[in-house]
Amino acid sequence: MSYFLQLVVSGIVVGSIYALSALGFVLIYKSSRVLNLAHGQIIATGAFITYSLTVMAHIPIFLSFLLSMIATFFLAMSVEKIFLRRLIGEPIISVIMVTIGLMSIIDGLIYLTPFGSENFSFPPFLPEQPIIYAGISISYTQLVGVIITFILIGAFSWFFKKSTVGISMRAVSDDQLASMSIGVSVPRVFGLAWATAGLSAAAAGSVIGNITGLNFGTLHAFGIIVFPVVILGGLDSLLGAVVAGIIMGLIQQFASGYLDGNWGLYGTANVLPYILLLVLLLFKPHGLFGTHEIERV
Amino acid sequence: MSANRWLATGNYFTTYQEEQRIFFTALDRLFCSLLLAALFIWPFFMELDSKYMLVIDNILVAVIAILGLNLVTGFAGLISVGHAAFVGVGAYTVACLSRVIGDQHVLITHAWPLMILISGFMGAIFGGIVGLPALRLKHLYLVMATLSFQMIFEWTIGFMDFFNQGQTIYVGRVVWFTGTVGRNEHYLFWYYTLLVVVVLCGFAVRNLLRTRYGRCLVAVRDNDRAADAMGMHPGFTKVYAFALAGFFAGIAGAMHAYLYRGVGMESFTLHESIQYLAMTIVGGLGALTGSFFGPAAIKILDLQVEVLAEWALKYLPSTMNLATALRPLSFGLVIVLFLMFEPRGIANWWRILRSYVKLWPFRY
């Protein structure tokens, strides 16, 4: 039983990070209908910025966490301005392919730095002894990570529901022409959507980096695992991203806890989400909370 | 058709048959035959270093794969982020069989054309299965379907003992009428085989695009509702496009397996899929000639990047692996720049050149 609960706890930890990663992806999709395949690379960039600020510039970790979020905010905004702004109105297929190109470019740029090939880990700033309660252990880093994640998710949902910018983002996602006619600048909203996505990606990256250590492969894999998460949650639902993130974390933990080692299976946690994705696409493509668009072929 | 069959100037079509011919003018046909003849003859006159011969063979393998990817992405308008996985399906069909029955079995060494065909059909089956969501959904979701197939494929190969966990599985040397193809003539033999297959596939695609089965791909891409009203089934058309792409990818994979005499995981990763997409975009989406220009351009770029990395290593600390960094960087830049400034690819430059010749002797 305690093994089961342990899996549940670590599933929730992993899942909340998935939720945070998926948040930025959903933000971009919701406002501009672009699938951002370079999201994992932005996550990695954010994590590396945090690391270099903490370790090389000796800035306290929470401050560098914030600074890296600000940096990726502007980075993602300029990415949108340079590459995607001029593709507004082009067919969506070429916009998606531009993000594929971006993915490759950022990959290359990161490989140019030492971060591409070596592993790093954040200096410990919390007690290393895990909290053990009724046989279930959770480390302080994980606990703080989950708390930060939920604070950020709360902040984002407030931002979307209440603030003027958030409301204009929702307006643009609903109807571009109508929102233009009431004075919302659509390009600005696209820029802001990318910027907030970058911000949340940096947060996700830093949390992941603290929990699992910095490895480029692991970090940019988060950009791909985001796909099953957002499909399960519904492509354009923030709540869906959070719920589906946690479900996906649980599925992965149960898979590696119960399936691995039996019947000659290994690493099932890396494949189950994608099998689920294929099945979902066939039977429930709008996910748990997504809008049921009438998009029949 | 007017009297002058050599120039396009002053000619107009009076029947549908004329409009759908493979070569519009005799000049086109002459040019194509001369080009083919040159491609077949040049190895008799000059001998290339085996490194460059391998690059040329690689280009031809990629051409076959890109013919398929261009069908699904260019003509049918569906992005496939898992094309390398389909190529891998073809390659692993050969590899698995050679693992089960032994890599010197007569089926592998003598009946290799049959193996290549079987691999093509395996690719088509997997393509069709992955394309199934297309019955309900549009291209956004198909990106995810192909991406997840890529991930599932990588996991299956990487974690299963049967596939040697992604390590190389050997495939035997093939036997031709002249006996076993030895080490010295290996690349040359596969150059000719690949060339024949490329020509067959190229004409197959060109012919396909003249028939209703090819034209319905374009119709569904341009407007699926109109296509539906015209009596095509958009969903089945998309699944069929995926199956076709899988077929070409499977053939390319089998040829790859025979060319390298072994199959390993590293040739079928997500990175390779992106490279295939880059080839398609650079060549030109929805243009048959693009399927030839794209792979050539990207492979040559790849070669140049390696040269550049070697040159730069003289001036930089040798701990850096510059080639692994520069390769994705250059592919990404090429994709983005082409999409931003020349979305119709190199095929468009070729078209401009041709339209100049076409109007000759008049200026416009």
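Protein chains get the first letters and strands the later ones, always in sequence-line order, with residue 1 at the start of each.
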Query raised in the report: Which is it for Leu277(A) and Leu147(B) under the side chain to side chain contact (heavy atoms under 4.5 Å, CB included) test, yes or no, and what are the steps along the way?
Result: CA-CA 10 Å; Leu277(A) 170 57; Leu147(B) 185 69; over 6 Å; no
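- Among Leu280(A), Asn270(A), Ile231(A), Asp107(A), the residue making the largest number of heavy-atom pairs under 4.5 Å with chain B is Ile231(A).
- Of all non-hydrogen atoms in Phe341(B) and Arg86(A), the two that sit nearest each other are CE2-NH1, 3.9 Å.
- When the heavy atoms of residues 275-284 of chain B are compared with those of chain A, the residues falling under 4.5 Å are Leu277(B), Ile281(B), listed by number.
- Residue Thr73(B) touches chain A through both its backbone and its side chain, counting heavy-atom pairs closer than 4.5 Å.
- Between Leu278(A) and Ser148(B), the shortest heavy-atom distance links the atoms CG-OG, 3.4 Å.
- When every heavy atom of Met97(A) is checked against every heavy atom of Ile335(B), the shortest pair comes out as O-CG2, 3.7 Å.
- Interface remark: Leu285(B) contributes side-chain atoms only to the contact with chain A (heavy atom separation under 4.5 Å).
- What you find for Leu270(B) and Ile224(A) is that their closest heavy atoms are CD2-CD1, 3.6 Å.
- Rounding to the nearest 0.5 Å gives a distance of 12.0 Å between CE of Met151(B) and CD1 of Ile275(A).
- For the set Trp155(B), Phe338(B), Phe331(B), the entry with the most heavy-atom pairs within less than 4.5 Å of chain A is Trp155(B).
- Phe254(A) CZ: more than 12 foreign heavy atoms inside a 6.0 Å radius.
- The heavy-atom pair separating Ser104(A) from Ile274(B) by the smallest distance is OG-CG2, 4.2 Å.
- The two residues Leu102(A) and Val336(B) make their nearest non-hydrogen contact at N-CG2, 4.0 Å.
- Counting heavy-atom neighbours within 6.0 Å of Phe126(B) CZ, excluding the residue itself, gives a total of 12 or less.
- Of the two parts of Leu276(A), neither the backbone nor the side chain holds a non-hydrogen atom closer than 4.5 Å to a non-hydrogen atom of chain B.
- To the nearest 0.5 Å, the span separating CG on Leu109(A) from CG on Leu329(B) amounts to 5.0 Å.
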